[in-house]
Amino acid sequence: MRAQAGYEELFHRHASNPILTAADWPYPAHTVFNAGATRLRDGTTLLLCRVEDRRGHSHLCAARSANGVDGWVIDREPTLRPDPDRYPEELWGIEDPRITFVEELGKFAVAYTAFSTGGPGVALALTEDFSHFERCGLIMQPDDKDAALLPRRIDGRFALLHRPMTDSGAHICISFSPDLRNWGGHKLMLPARKGGWWDANKVGLSPPLIETPQGWLMIYHGVRQTASGSLYRLGIALFALDEPARCLSRGDSWIFGPEAPYERDGDVGNVTFPCGYTLGNDGDTINLYYGAADTSIALASGSVRQLLGWLDEHGHG
Ligand code: BMA
């Protein structure tokens, strides 16, 4: 691994990375990556993993572990399969889930990418147990992805972050809904930068926002196009609690990116792509679950306090 001399390490890779690969799967799977994450009431860590088969199509499969690191119990068959007969937007698979527990509903909301002829769009499903799912269908037209719901209403409305593709690039937006089905009030939240920046032209939300007393902490990915492909790295920004479209602070440098061999090499090399995190019992440790090179699932941990401290020092409005 290349040394990153002089830079503060905000996330530390787990020694047993990658923690989950296709070899762990109880049924044929080509790759497992980009997992949503949550903790269940009894403290169990649940990952909703993106599993790609040899058709190139993805579905979602739940893996549960008491410590969030090993001892994974993986569903014997796909947990949430594409259902193109009833939901044609899922023709070529469902990908990259982000999980939010919504206290008001007593349910988990899973926002995922539904992939079909029109391109990738955003779909939403609700579940109490990760066994039965109530689909809300397509809630953001293609081309749109990287979506996650906020855990509670803002000014009486549910709020969803997502990343529509536009002529001026791919920027993170927020939209609002009274009922999780009808969405409007779209606002730009975090634009991609331009030119030579690591996060020029294309950014997207990574895991769901993290609520802190200082604001909503966002971990986002920036995609840099290079002569040898794309580089997926992570940056952070902070948004006002009562007005999440308002950016309080954004860091200029990326804080995490592909360095380890399993992040550099794989089906799509140089990709670190988290879709979920869990918080430790101390309320500060953040366990970030990320897809490595579109091939496996890896874990890195950090501290919310330290991320906020870094933004205080290095971020600006
Ligand atoms: C993005 C998404 C991710 C994927 C990444 C790298 O556009 O499709 O699912 O991990 O590209 O291939």
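Just follow the structure's listing: the first ligand is 1, and inside any ligand the first atom is 1.
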Matching residue for Glu90 among Arg81, His57, Arg135, His59 - test: side chain to side chain donor-acceptor pair (under 3.5 Å): Arg135
Pairwise side-chain contact, Arg64 with Asp75, heavy-atom cut-off 4.5 Å (strictly under): yes
Centroid-centroid distance, Phe273 to Tyr290, less than 6.0 Å: no
Co-membership, hydrophobic cluster, residues Trp198 and Leu190, 4.5 Å side-chain: yes
Centroid-centroid distance, Trp216 to Phe239, less than 6.0 Å: no
Aromatic ring pairing His314/Trp310, orientation class (parallel under 30°, perpendicular over 60°, tilted between): tilted
Amino acids in close contact with ligand 1, where any non-hydrogen atom sits under 4.0 angstrom away: Asn34, Arg50, Asp96, Lys145, Tyr232, Val268, Val271, Phe273, Asp294
